[in-house]
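Presented below is the structure to which this report refers.
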Amino acid sequence: MALGKLEQVILLALAHLGGEGHGAQIAAVIEEQTGRTASPGGLYTVLDRLQDKGYVEGWIGDGTPERGGRRRKVYRMLPAGARAIRSWYDGIRQLGDSARACMDALADGAG
Amino acid sequence: MNRAPRPPLYLRLLARLLPARDREFIVGDLDERFSRDSQRMPVSRARLRYVRDLLASAIVRAAIRLRPGLGRTPRGQLQRPQVLEDFLQDVRLGLRQIRRSPGFAGVAALTLALALGATASVFGVLEGVLLRPLPYSQPDRLVAIWQRFLPESGYDSPKATLTGPEALDLEEATETLSSVGIIQGGAAVALTGDGADARELSVWLGSASLRPTLGVDPLLGRWFTSDEDVPGGAAVAVITHSLWSERYGADPDVVGRVVMMSGTPTELVGVLPAGFTLGLWRDVGAYLPLRLTRASIASGHAYGVVGRLAPGYERADLDAELGVVNERWMQEGRSHGDELWAQPLKEDRLGGAAEPLALITVAVGLVLLVACVNMAGLLLARGERRQGEVAIRTALGASRWRVVRQLLTESSVLAVGGLLLAIPLAWLATRAVIDLDPTALPRLGDVALGRRALAVTAAGTVLTTLLFGLAPALVMLRKAGPTSGSARGPTSGRAAGRLRGLLVTTEVTVSMAVVIIAGLLVRSFWERASADPGFRVESLVAFDLTLSAERYPDDPSVPVAVENVLDRVRSLPGVSSASAASAVPFGQHMLVFPFRLDGQLPRGANEPARAAVTNFVMPGYFTTMEVPVKNGRGLTESDRAGATAVGIINETMADTFWPGESAVGRRWAYGSEDTGGPWITVVGVVPDQLRGNVGEDAFPQVYLPQSQSEQVIQRTARSVTVVFRAATDPSLPAPAIRATVREFDAALPVGNLRLMTDVFSRSMARPRLITYLLGVFAGITLMLALVGLYGVVSYSVMGRTREIGVRAALGATRIRILRMIVAEGAAPLVLGIVLGVAAGWYSARFVGDLLYVVSASDPATFVTGALAFFAVGIGATLVPALRATGIAPTVALREE
C-alpha cells in the first residue's frame with residue numbers, strides 16, 4: 001500500500017518520538033522539523049486512516065495541566081507501520097543517493 | 001504559582017464547533033500548543049494559530065463525518081441526529097432569507113450590533129473600574145480612615161486627612177487594626193544620574209508600614225524598612241512597574257542602583273508589581289519613605305491613612321473602637337470636634353464611580369431593550385409578508401414547533417451577525433471612552449474588553465434572540481393556521497397590528513425618557529462648563545516645585561529660592577505676572593489647620609474647633625490669578641517676616657465666622673492659647689475660588705504670606721505651585737520654563753507643568769463622559785424609535801393600498817388621506833411621549849446628584865424634549881404618509 005505524503009511525515013515523526021506519542025507531540029515534531037503546521041483535525045484524520053491500515057494503534061491517555069487536564073490520544077507505531085515507512089524511506093534514500101551527482105552538478109553549475 | 005497560560009474563554013467556546021467525539025483530544029492538543037506558543041511568540045499570534053487550527057480542525061472533522069469517503073469510515077458511526085439536520089436546514093434557510101433581502105438584514109444586524117456593542121463596552125468599563133478587586137492582598141479587609149469635622153468647625157468636610165501624630169498613633173491606639181499605612185501624595189522629584197535624560201517624576205510618600213498593611217510584596221527587591229522611614233534615614237526609593245519597564249527596560253539589576261532624586265543620591269531598593277498603585281491613578285513613578293515623626297506638630301491635616309482589620313475583627317468592631325478613640329483623644333485635648341471614621345477602601349476609592357456607572361449601565365440596558373423591541377417590530381412586519389410561506393409549510397405537515405423553531409433560527413442568524421459586528425464596535429467604543437479622558441473614572445485607563453464583558457454580550461445576544469424572535473413567531477403561528485392557506489400579500493391583521501402599536505409605543509416611551517435624562521445632563525454640563533471658577537482660567541500656567549530639605553536645609557532659604565525662580569519666570573518673554581502658593585485651585589495639596597478666633601470665648605475641650613484650608617502665597621498671587629480683593633487690601637511686600645501677621649480670607653470664611661459684619665480687622669490664631677502662634681489680622685476678603693470640581697461647596701479658606709509661615713505655624717511649606725500668566729502666547733512654553741528652572745537649580749524638578757484651561761476642562765472629565773454616553777445612547781434610542789414609527793406607518797400604508805385607492809377614487813383629498821395616515825402614527829407617538837415624560841420625571845430624581853444648577857424637574861428640558869420628539873416623530877410618519885397620497889386609484893385596483 002502506498003503512503004500519502006502526510007502519512008509519511010506522521011510515521012517519520014512517530015519514529016522520531018521513539019515510536020510513541022500523542023497528537024500535540026506529533027504536530028510539534030512536524031512543525032519543528034519541516035516548518036509545516038498540521039491542524040489537529042487533519043492530523044487525526046490521517047492517524048485514523050493509518051490505524052485502519054494497521055500501521056499504528058491509538059488509545060486514550062491521561063491529561064496534563066498544560067492541556068487543561070484534557071485526556072490525550074496516544075498512538076504507537078506497529079511493526080507493519082515501521083516496515084512501511086522504512087521501505088518508503090529506503091526507496092527515497094536510494095533514489096537520492098543515485099541522483100546526488102546530477103543534482104550537485106546542475107545546482108553548482110547554475111550558481 | 002505558575003499556571004500554564006490558557007487561551008481566552010471565548011476561543012475555547014469556539015471548541016463547541018468540534019464534534020463531541022474528538023473535541024477533548026483536539027482542544028487538549030491546541031491548549032497544549034498554546035501554552036508552548038505563548039512562551040516563544042506574542043500571545044496575539046498564539047491566539048491566531050489557535051483559532052486558525054481550531055477552525056481548520058472543525059471543518060476537516062465535519063467534512064469527514066458528512067462524506068466519510070474523504071477519510072476513513074469510523075466503525076459504527078451514528079447518523080447525524082435529526083435535530084442537527086433540522087438545525088442546519090434552518091440555518092441554510094435563514095441565510096437564504098438574508099441573501100434575498102440584504103437591506104433588511106443589514107439594518108437589523110446593524111441596530112443589534114450598536115446595542116450589543118454598547119452593552120459590551122459598558123460592561124467592560126463596569127468590570128474594569130468597579131468590579132475588579134483592588135490590587136492588594138485581601139482587599140476587603142482594608143479600610144480608609146478619615147476625619148470628619150463637625151459642621152460647627154466651618155470646615156464641613158466628611159473626608160479630611162489626618163494630622164501626622166494622629167496617623168502615627170492610630171496603630172497603637174487600636175486593637176481592631178493590625179496595621180496602619182500612611183500616605184501622602186502629590187510630590188515630585190527630578191530624576192537624574194541614571195544615564196537617561198533628566199525627567200520630573202511624580203512620587204508618593206509612604207510609611208514603612210504600608211507593606212504589611214497592603215500585603216503587597218515588591219516584584220523585585222524590597223519595600224522601605226522602618227529604619228529608613230525616619231528623618232535622616234538612608235535615601236531609598238521603590239519604583240513602579242511602569243517606570244521600571246519604560247526607563248530601565250525591565251532590567252532586574254536595577255535594584256541596588258543609586259540614582260539622583262532632586263540632587264540626593266538615592267538607592268532603588270525595589271520594583272513594584274504591575275498594576276500596583278495607591279491612588280488608582282497611573283502617573284506615579286516611585287514611592288519614597290514618608291519619614292513622619294510626632295515632632296512635626298504643625299503638619300496640619302495632610303496624611304491619608306489605610307488600615308487593615310486585625311484577624312477576628314469586623315468593620316463594626318472597628319467603628320466601635322474608633323468611637324472610643326475619638327472620645328479619649330477629645331478628653332486628652334488632642335482633637336477638637338473632628339472625629340475618626342472608617343470606610344471600606346474599595347468604597348472609598350471607587351464609590352464615586354458607582355453612581356455614574358449605574359446610570360450608564362441602566363441606560364445601555366434601555367438601549368438594548370429598544371433595539372430588541374425594534375427588531376421584534378421588523379421581524380413581525382416581515383414575517384407577515386411571509387405568512388403565505390408559513391401557511392404552506394404547515395399545510396405540508398410541518399409542526400408548529402418546527403415553524404417556530406425555524407423563525408427563531410432565522411432571528412438567531414441575524415443575532416449572530418449582529419454579535420460579530422458588535423465585537424469590533426465594542427472594542428472601538430471602549431477605546432473612544434478611554435481616549436475621551438482616562439482620568440474620568442479611576443482605573444479607566446486600564447480597562448480592556450474582558451471575558452466577562454464578552455460573556456455578557458453573548459448572553460445579551462441569546463436573550464435578545466429569544467425576545468425579538470419569539471413574539472413575532474407566536475403571533476404568526478396563531479395567524480397561520482391551516483385554514484388561511486392562500487398566499488396573499490400583507491394584511492393588517494388585528495393581533496399583529498396591536499402588537500406593532502405596542503412595540504412602537506414602548507420604543508417611544510423608553511427613548512423619550514432617555515432623551516429627557518440626557519437633556520438634563522447636557523444642560524447641566526453646559527452650566528458647569530460656563531461656571532465661574534473665581535479666577536481667570538485662560539492663559540494661566542502652573543507648575544509644582546518641591547524644595548527638598550536636603551538641598552534647602554534652613555527654612556528661610558525656601559521663600560528666597562521660590563522668589564528667585566519667580567524672578568526668572570517673570571523675565572521670560574510673554575509672561576506678564578507670576579506668583580506662587582502652597583495650594584492652587586485643582587491642585588493636590590490641601591492643608592487644613594484648626595484655629596481659634598479672637599473675641600470669642602475659648603472653646604471647651606469637647607467643643608469643636610474651627611478649621612479652614614490654609615494657603616501660603618507669595619506676593620502678587622491675587623494679581624496673577626486675577627482675583628479681585630473685595631474688601632480691604634491684598635498682600636504686599638511689607639507683609640514680611642517679623643511684621644504684624646496678616647491674612648486674606650475668602651467669602652465663605654467671612655460668612656461662616658463673622659456673618660453680617662465686616663471681617664476686616666478680625667483676628668484668629670493657630671495652636672493653643674499658651675503655646676500657639678500670634679494673632680493673625682484679616683486685612684482683606686476675596687471671592688471663593690474653585691477647589692476642585694464645579695458644583696462642590698466652597699470651604700473656608702485663608703491666604704497667608706509665605707514669608708510669615710514660620711511665625712504663625714512654625715513651619716515652611718516646601719511644596720509650592722508657581723502660577724504665571726502668559727500674556728501673549730497661551731500655548732505652553734515648556735522647554736523655556738524647564739530651562740529657566742534648571743538654570744537656577746538643575747536638581748529642582750518642574751512638576752506637573754499644566755495649562756489651567758486643561759486642568760479646568762479635565763476637572764469636568766467625569767460629567768463629560770456621562771453626558772457623552774447618555775447623549776449617544778439617547779441618539780441611538782431616538783433613531784430606533786423613529787425607525788419603528790416609520791415602519792409601522794409604512795407597513796400600514798402598504799396594507800391599506802387598496803383602501804386608500806378607493807378613498808382617492810371616491811374623492812378624498814390628498815390632505816385628508818395624509819391626515820388619516822399621520823394620525824395612525826401619531827397615536828403611539830403621543831402615547832409614548834406622555835408615558836416617556838412620566839418615566840423621565842420619575843427617574844430624573846435618581847440622577848439629581850449628578851446635576852449642577854439644573855433641577856431634576858427642569859421644565860425647559862421636559863417641554864423642549866417632548867416637543868422636539870413630537871416634531872421628529874411626525875416627520876418620520878410623514879415620509880410614508882406622503883407616499884400614500886401619491887397612490888393612484890388605478891394602482892390600488894390593480895393590487896387585487
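Naming: A, B, ... by sequence-line order, numbering from 1 per chain. This is a predicted model, so every value here is computed, not measured.
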Rounded to the nearest 0.5 angstrom, the CZ-CZ distance for A:Arg70 and B:Arg23 is 10.0 Å
What pair of heavy atoms forms the shortest contact from B:Arg36 to A:Ala24, and how long is it? NH2-O, 4.1 Å
Spacing of B:Arg61 atom CZ and A:Asp48 atom CG [to the nearest 0.5 Å]: 5.0 Å
I'd like to know if the side chain of B:Asp53 and the backbone of A:Ser39 have a donor-acceptor N/O pair within less than 3.5 Å. no
A:Asp62 atom CG, over 12 foreign heavy atoms within 6.0 Å: no
OG1 on A:Thr64 to CG on B:Asp31, rounded to 0.5 Å: 9.5 Å
B:Glu24 and A:Arg67 ion-paired at < 4.0 Å: no
In terms of heavy-atom proximity below 4.5 Å to chain B, should A:Ile60 be classed as side chain, backbone, both, or neither? side chain
Out of curiosity, B:Asp29 CG to A:Leu43 CG, how far, rounded to the nearest 0.5 Å? 7.5 Å
I want to check something: taking the side chain as every heavy atom from C-beta on, are B:Ile26 and A:Lys73 in contact at a cut-off of under 4.5 Å? no
With chain B as the partner, which of A:Gly69, A:Pro40, A:Gly63 has the greatest number of non-hydrogen pairs under 4.5 Å? A:Pro40
Can you tell me how far CZ of A:Arg71 sits from CZ of B:Phe25, rounded to the nearest 0.5 angstrom? 5.5 Å
For A:Glu66 and B:Ser35, work out which heavy atoms get closest and say how close. CB-OG, 3.5 Å
Using a 6.0 Å cut-off, check whether atom CZ of B:Arg40 has over 12 heavy atoms from anything other than its own residue. yes
Verify the neighbour count for atom CH2 of A:Trp88: are there more than 12 heavy atoms of other residues, nucleotides or ligands below 6.0 Å? yes
With a 4.5 Å cut-off on side-chain heavy atoms, are A:Tyr44 and B:Asp22 touching? no
